[in-house]
Structures are given as C-alpha cells and as structure tokens.
Amino acid sequence: MAPVLEMKNVEKHFGGVRAIDNFSVTLEQGKIHGLIGPNGAGKTTIFNNITGIYAPNSGQIIFDGKDITGSAPYKVAQLGIGRTFQNIRLFSNLSVMDNVIIASNLDATYNMADAFVKTRKYRAREKHLKEKALNLLEVVGLSDKAGERASSLPYGHQRKLEIARAMALDPKLLLLDEPAAGMNADESAELVNFVREIKERFDITILMIEHHMDVVTNLCDHVTVLNFGKTIAVGTPEEVKSNPEVIKAYLGGE
C-alpha cells in the first residue's frame, strides 16, 4: 500500500536559520506518527510546510500520490488534510454547531446567488451540512453543547471541538499540534482514548506533535525526534526513549 504522506529531504530556511534541515518521513495508512523534540526543533514548521502555510526551500511533499509541495492551504485542505493548532483557533463568539458548519463549508456546492435567494439547492445543502456537523459533535461528545458559544466551553471541550472542525474536512490525514497541551494527567488519559477512537472510527492517519511522553507512548506507532531542525532518532516510542542522543537533547539526563 502506498504511503499516505511522504516528505523527502525537505528544507525550510528563515534567513540563516534552517528550521527544517533535510527532513524526511513516511506515514503509513492508519498509523499514528509522533513528532517530538524541544521547543524550536522545527515541529510546527513541518506542519506549516505540509499545509501550505510555508513553501519549502527544497525537497518534496507527496500526499496520497500527489505532489503538494508549495500548494495553497485551501487546496491542501480540499485534498484531505485536516489540522488543529497548538493555540486553539475557534470562532469564539459563534456557537459550537456553527464552528463545525463553517469548516464543512469547504464541501459546499452552492454559489453566492443560491445562498442569497435560498434556493432549493442551498436549503438541501445547508440541511446536509447541519446533519454532518451534528454527527461529528456526537462523535466528540459535544452534541448537547451545539447551541452554546464556543468560548464558554471548558478547555478540554474546546480541544475536542477543534478536532471536530478538522474532521469536517473528511480528512485522510489529521495533523494534531500538541492536543494535550495544558491538560492534566486525567485529561491526557481521556485524550488518548478519544484520539484512538477517532482513528479507528474514521480509519485515518495521524501525525501528531506532542510533549507529553505518556500520550506519545500510549498512542504512537512510530516517533521522529527533532533537534534544531534535524532528525536525531526514528523508531517506536520505547526505542526513542532509550536513545542516548534523545535523552541528552530532549528528555533530560545522562
């Protein structure tokens, strides 16, 4: 089976700084791959290159057999890559339901004229998008919060809403940027079960940035460790945790 995503010798420079230095990774269908490393290691820059926020200086990014190197963000999303952010990015003053519907609108088939006069095509599509949004909210356990303002949700629920928004794109690949950030041990354990359920239910591939090693150990099939934009280790969570270079650069200790 062909990989879902391949990054081949990707580099991204900001002035004289190599944020990503000759980075390569292969993601297999249905697997969870972790990216770990100290702050400033280049992890989020990798996400930004995949999703088209940045264009790499060199290298190649292949998704689902297509070269997406330097593609615009909306094209990447349309092809089937969903994403969350380290800092939650919701429409805080809109309802929980509307946050998911807006994300689903990438899939809308009506035009401005249809929306203006509310044609039958528009009404049918809006009904479909609302049903889809409600189904996703049921999956993440927020259907009873559909009418509430997004900003009123507890932090953990906002994380789930952001994942529901990303899933509204019907992605083949889901990028999670520090989903356990700010969570305590119990919340992190709940997140592990939640992400595992999402992966199994939708049969998607996940690339995840995470600093909580318990989350990485319990979720990830493979892990890539970065330091100053360079890959210093690749393997299972247990393999990278015992790697002396990883211990020195990231985990702390001798």
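Since the structure is predicted, the reported quantities are computational estimates derived from the model, not experimental observations.
- Remark: Glu190 CD is loosely packed, at most 12 non-hydrogen atoms of other residues, nucleotides or ligands lying under 6.0 Å away.
- A salt bridge links Glu238 with Lys241; the closest basic N to acidic carboxylate O contact falls under 4.0 Å.
- Under the 3.5 Å distance criterion, the side-chain polar atoms of Lys199 are matched with a main-chain donor or acceptor of Gly30.
- Using a 4.5 Å cut-off between side-chain heavy atoms of Ile, Leu, Val, Met, Phe, Trp and Tyr, with links allowed through other members, Ile206 and Val139 fall into the same hydrophobic cluster.
- With hydrophobic clusters built from ILVMFWY side chains whose heavy atoms lie under 4.5 angstrom apart, Val234 does not share a cluster with Val216.
- Aromatic ring centres of Tyr54 and Phe14 lie closer together than 6.0 Å.
- By the 4.0 Å N-to-carboxylate-O rule, Lys31 lies too far from Glu28 to be salt-bridged with it.
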Quiz item: Step by step, would you call Arg159 with Glu162 a salt bridge (charged side-chain N to carboxylate O under 4.0 Å, His left out)?
Solution: CA-CA 5 Å; Arg159 283 284 178 197; Glu162 193 178 36; 3.7 Å; yes

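- Of the possible donor and acceptor atoms, none in the side chain of Thr69 sits under 3.5 Å from a partner among the backbone N and O of Gln60.
- Phe47 and Phe228 are assigned to two separate hydrophobic clusters, defined by single-linkage of ILVMFWY side chains at heavy-atom distances under 4.5 Å.
- At a threshold of 4.5 Å between side-chain heavy atoms, the hydrophobic network of Ile, Leu, Val, Met, Phe, Trp and Tyr places Ile53 and Val17 in two separate groups.
- Ion pairing between Lys132 and Asp170 holds under the 4.0 Å rule for side-chain N and carboxylate O.
- Ile62 and Leu173 fall into different hydrophobic clusters, defined by Ile, Leu, Val, Met, Phe, Trp and Tyr side-chain heavy atoms under 4.5 Å apart, directly or through other members.
- With hydrogens and angles disregarded, no donor-acceptor distance shorter than 3.5 Å links the side chain of Ser95 to the backbone of Gly147.
- With values rounded to the nearest 0.5 angstrom, Ile36 atom CD1 is found 10.0 Å from Met208 atom CE.
- Side chain of Ser24 to backbone of Asn9: a donor-acceptor contact under 3.5 angstrom is found.
- Side chain of Ser152 to main chain of Arg149: a donor-acceptor pair is present (N/O by atom type, distance under 3.5 Å, no hydrogens or angles).
- Panel note: side chain Asn49, backbone Thr45; a donor-acceptor pair is recorded below 3.5 Å.
- Phe23 does not carry Lys230 over the face of its six-membered ring by the limits of under 6.0 Å from the centre and within 45° of the normal.
- When side chains are defined from C-beta on, Leu207 counts as touching Leu27, because their heavy atoms get closer than 4.5 Å.
- More than 12 heavy-atom neighbours from other residues, nucleotides or ligands sit within 6.0 angstrom of CZ on Phe85.
- Checked by atom type and distance alone, the side chain of Lys43 pairs as donor or acceptor with a backbone atom of Gly37 at under 3.5 Å.
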